[in-house]
Amino acid sequence: MPVSKSRRALLGTAALTLAFGIAALTEPAYAGEGTGFGEGSTTEQSGGGDNTGIYAAAKIQYSGSVAKNGGTGNVTSSDVNWTPPPCWYAPYLGAEDFKKKMSKSIEDAANTPGMGGTSGSALGELQRHYEDEYGWTDTPGYKDYNVDKDGEGMFWAAVENPNEPDVLKRGSCTDLPFWVDNGEAPPPQYEEAITPEILAALAYQHMELPDTDVTLAPEATTKVNLPTWAWLDKAVFDEVQATAAINVPSFNITATTTAKPVSLKLEPGTKDAQTYPASGECTINADGSIGEPYAKGKSDQTPPCGLKYLRSSGDGTYKLRATITWEIAWTGTGGAGGDLPNGTFGNEQDITVQEIQAVNR
């Protein structure tokens, strides 16, 4: 007899918690290893042990400009409401292997002292779901763990994003493992099933942008009321790519997230300064550069990108912050693609501003 969708959610959460322990909903589902910026990184989702729950064993590989050791990159989204996925569903095991894993977990839980009442009932429903075709409105049950279809598909299971700081969000993919035939899309109710779009968002999260090394003239020490020219050459200021891919039998998808620089924002570190242009936003030139290099004879001209300090920094320095805005888009398997929120990354440079000394004659 099918159960309701609300009962399905309750069963999914309760069964995972009872059969595999609270750690199943809170522990990171993968550990990462990486080689660093510009060289690529590999991070894999691994199946949990008896005390960490059922998790997808599929591996997501990151390459390109990504952070070391599977860590979060340095891109700050311009959309404060955008966040990468806290969890998702991915291919886990074939039918025979899943039966060995799940049936043992159920058996171990059933033999736990005090397993009775509501807990025992939920565990019984879990067992019936995989052994006796016990299902609910939009999710059929399975006969003997679908072993008659071994090799024709895989069970999918939840993966937690270890870079998600909110434990509740990270453990919000609470549906029980479900079957997907080879070559078929996951059932539509599993909205968090891995897709190229999710991979693109994960690539965005891991992306590492280069330092914003703005060339200044004068370089680190300038004078009050003397225009400082700022520029970035195209050779050191180009697009950046990060790729995420998942490859398992009969399921291979990839997504590449590309960041293109579009503008430079200068923040002088004091109110006693002017920026050029007045907004402080220097847009990209047709040749891909920003600003214009200083050349001899331009000292009295207004730079297209730069600033002018109106007061000495005294015995200290001003913190000039240079921030690049990057336009970010993605492409993926099957011609999928779209835009992601613009990203920013910047750093600070110490600027000493001296008074112009008067000459006494």
Backbone of E107 reached by a side-chain donor or acceptor of N111 within 3.5 Å: yes

Flag, side chain of D132 to backbone of Y134, donor-acceptor distance under 3.5 Å: no

Distance-only side-chain donor-acceptor flag, S65 / E208, under 3.5 Å: no

Student check: side-chain heavy atoms of C305 and W231 closer than 4.5 Å: no

Pairs satisfying ring-ring contact (aromatic ring centres under 6.0 Å, His included), at least one member in residues 267-304, at least two apart: W229-Y294

Donor-acceptor pair, side chain of T222 and main chain of P218, under 3.5 angstrom: no

Donor-acceptor pair, side chain of T112 and main chain of D108, under 3.5 angstrom: yes

Residues in ring-ring contact (aromatic ring centres under 6.0 Å, His included) contact with W179, at least two apart in sequence or another chain: F155

Aromatic ring proximity, centroids under 6.0 angstrom, W156 and F251: yes

Basic-acidic side-chain contact under 4.0 Å: E292, K298: yes

Any side-chain donor near an acceptor of the partner, Y145 and E131, under 3.5 Å: yes

No-hydrogen, no-angle side-chain donor-acceptor test under 3.5 Å, D287 and S289: yes

N/O donor-acceptor pair under 3.5 Å between H129 side chain and G141 backbone: no

SB check R170 E160 (cutoff 4.0 Å): yes

Gap between atom NZ of K265 and atom CD1 of I290 - 0.5 Å precision: 14.0 Å

Please table the atom pairs, donor to acceptor, closer than 3.5 Å between any side-chain atom in residues 323-346 and protein atoms at least two apart or in another chain.
residue: T333; atom: OG1; partner: T254; partner atom: N; Å: 2.8
residue: T333; atom: OG1; partner: T254; partner atom: O; Å: 3.4
residue: T344; atom: OG1; partner: T76; partner atom: O; Å: 3.4

Donor-acceptor contact present, side-chain D144 to main-chain N146, <3.5 Å: no

